[in-house]
Student: 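My questions will all concern the structure given below.
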Amino acid sequence: MTRSQAYDLIDQLLDKADQPYFTNSEKDAFINQAIHEFINNHYAKYDIDQVSRDALAMFTEYVELDSDDADWNGYGLDLPDEYVHLIHFRINYSNTSSVGSLFKSAKIIGTKDFWDLENSKDPYNRPDKSSPICYVRQVSPTDPMRVYFRPTMPIGAVRAMLLRSRNIGECFNTATGGDGLKEVYQREVIEITVRKMTGNI
């Protein structure tokens, strides 16, 4: 579906006899909001529903984070600017190779659990190289989102599977409609868009 076809579908669903007129730039703003709601809706079911994993395929990205930055000192590695959610986080503690079998999956947990486990006196519950932990936090609005993990001993590589934001131009091709989000999911985004537009009236 092209962007102009998306506009036409919005107009049809709104039934313009009863609704105010929206400019294309206003439609773009609502569609971009709907894309983020679409991501959040499917992320909530990502681990239990193959449909949601399929829906988010376009937003899924594997990245290798820069663990060679001498200034990070365990305070967290920056995530990409368009980061939305962390799905999987893997750490290579060998510091010598990036062979896949040397990577350990970190358990993604909340802030309180992270600090409770790090400060735990129980040796069976403290994070170690065989069972690392991580969490995501933004210290202030001007800081990037960062992933923090323990233990932070010398590491070779750090890889993350994450969801990244995409805009209307990436999800709805301007000219051909062949690229971008699959049409079944484009229609879902348009339905969210129309709900937002009618709720705004």
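Only heavy atoms go into these numbers, but all of them, side chains included; no hydrogens, no water, no symmetry mates.
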Student: Is any side-chain heavy atom of R187 closer than 4.5 Å to one of L9?
Tutor: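 With C-beta onward as the side chain, the pair touches.
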
Student: Given the rule in the side-chain contact (heavy atoms from CB on, under 4.5 Å) test, do E188 and H42 qualify, once you have shown the distances and angles that lead to the verdict?
Tutor: CA-CA 11 Å; E188 188 175 336; H42 283 289; 2.8 Å; yes

Student: Counting C-beta onward and ignoring hydrogens, is there a side-chain heavy-atom pair between M1 and F172 closer than 4.5 Å?
Tutor: yes

Student: Is it true that a side-chain atom of N32 and a backbone atom of N167 form a donor plus acceptor pair closer than 3.5 Å?
Tutor: no

Student: Can you tell me how far NE2 of H85 sits from CG of L56, rounded to the nearest 0.5 angstrom?
Tutor: 9.0 Å

Student: Between CD1 of I87 and OH of Y43, what distance do you get to the nearest 0.5 Å?
Tutor: 7.0 Å

Student: Quick one: which residue pairs count as a salt bridge (charged side-chain N to carboxylate O under 4.0 Å, His left out) with a foot in residues 125-140, not counting sequence neighbours?
Tutor: none

Student: Would you indicate whether the side-chain heavy atoms of L86 and C134 approach each other to under 4.5 Å?
Tutor: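 They are in side-chain contact.
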
Student: Taking only residues two or more places apart in sequence or in another chain, which ones pass side-chain hydrogen bond (donor to acceptor under 3.5 Å, both in side chains) with D78?
Tutor: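 Testing D78 for side-chain hydrogen bond (donor to acceptor under 3.5 Å, both in side chains), a comparison that skips the adjacent residues, returns R146.
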
Student: Does the ring pair (Phe, Tyr, Trp, His ring centres under 6.0 Å) test come out yes or no for F30 and F22, once each step is laid out?
Tutor: CA-CA 10 Å; F30 278 105; F22 289 94; 5.8 Å; yes

Student: Does anything in residues 37-54 pair up under salt bridge (charged side-chain N to carboxylate O under 4.0 Å, His left out), and if so which pairs, sequence neighbours excluded?
Tutor: E37-R195, E37-K196

Student: To the nearest 0.5 Å, what is the distance between NZ on K107 and CG on L117?
Tutor: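 Here the rounded value is 7.5 Å.
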
Student: Check whether any side-chain heavy atom of I39 sits under 4.5 Å from a side-chain heavy atom of R166, and report yes or no.
Tutor: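 No, their side chains stay 4.5 Å or more apart.
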
Student: Y46: which residues meet the side-chain hydrogen bond (donor to acceptor under 3.5 Å, both in side chains) condition with it, sequence neighbours left out?
Tutor: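 Partners of Y46 by the side-chain hydrogen bond (donor to acceptor under 3.5 Å, both in side chains) criterion come out as none, since no residue qualifies.
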
Student: Between I48 and L163, is there shared hydrophobic-cluster membership here, with clusters defined by ILVMFWY side-chain heavy atoms closer than 4.5 Å?
Tutor: no

Student: Would a 4.5 Å heavy-atom cut-off, applied to side chains only, mark V158 and V147 as touching?
Tutor: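 Result no, sub-4.5 Å side-chain heavy-atom pair not found.
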
Student: For the backbone of V189 and the side chain of T193, can you confirm whether one donor and one acceptor N or O come within less than 3.5 Å of each other?
Tutor: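 Side chain of T193 to backbone of V189: a pair is present.
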
Student: To the nearest 0.5 Å, how far apart are CE in M145 and CG in L79?
Tutor: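 Result: 7.0 Å between the selected atoms.
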
Student: Can you tell me how far the CZ atom of F149 sits from the CD1 atom of I133, to the nearest 0.5 Å?
Tutor: 11.5 Å

Student: Would you call S165 and H36 a side-chain contact if the rule is heavy atoms closer than 4.5 Å?
Tutor: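 Yes. Closest side-chain heavy atoms under 4.5 Å.
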
Student: Parallel under 30°, tilted from 30 to 60°, perpendicular over 60°: which one fits the rings of W115 and Y135?
Tutor: perpendicular

Student: For P127, does its backbone N or O pair with a side-chain atom of E118 as donor and acceptor, under 3.5 Å?
Tutor: no

Student: Indicate, with yes or no, if V51 and I35 share a hydrophobic cluster defined by side-chain heavy-atom contacts under 4.5 Å among Ile, Leu, Val, Met, Phe, Trp and Tyr.
Tutor: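 Unlinked, I35 and V51 end up in two clusters.
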
Student: Are the side chain of Y185 and the backbone of F38 linked by a donor-acceptor contact shorter than 3.5 Å?
Tutor: no

Student: Rounded at 0.5 Å granularity, tell me how far CG in L162 sits from OG1 in T60.
Tutor: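 Between atom CG of L162 and atom OG1 of T60 there are 8.5 Å.
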
Student: Could you list the residues that satisfy side-chain hydrogen bond (donor to acceptor under 3.5 Å, both in side chains) with Y7, not counting sequence neighbours?
Tutor: D28

Student: Taking C-beta and beyond as the side chain, do C171 and Q186 meet within less than 4.5 Å on heavy atoms?
Tutor: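 No. Closest side-chain heavy atoms not under 4.5 Å.
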
Student: Within a radius of less than 6.0 Å around CG of D122, do more than 12 heavy atoms belonging to other residues, nucleotides or ligands occur?
Tutor: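 More than 12 within 6.0 Å, yes.
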
Student: Taking side chain to side chain contact (heavy atoms under 4.5 Å, CB included) as the test, write out the residues that go with S140, two or more places apart.
Tutor: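 With sequence neighbours excluded, S140 shows a side chain to side chain contact (heavy atoms under 4.5 Å, CB included) to T142, D143, given in chain and number order.
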
Student: Got V194 and E191 here, is their nearest side-chain heavy-atom distance under 4.5 Å?
Tutor: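 No; the side chains remain at least 4.5 Å from each other.
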
Student: Can you name the closest pair of heavy atoms from I10 and M197 and give their distance?
Tutor: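 Between these two residues, the closest heavy atoms are CG2-SD, 3.7 Å.
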
Student: If I compare all heavy atoms of P151 with all of Y93, which pair ends up nearest, and what's the gap?
Tutor: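 P151 and Y93 have their closest heavy atoms at O-OH, 2.7 Å.
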
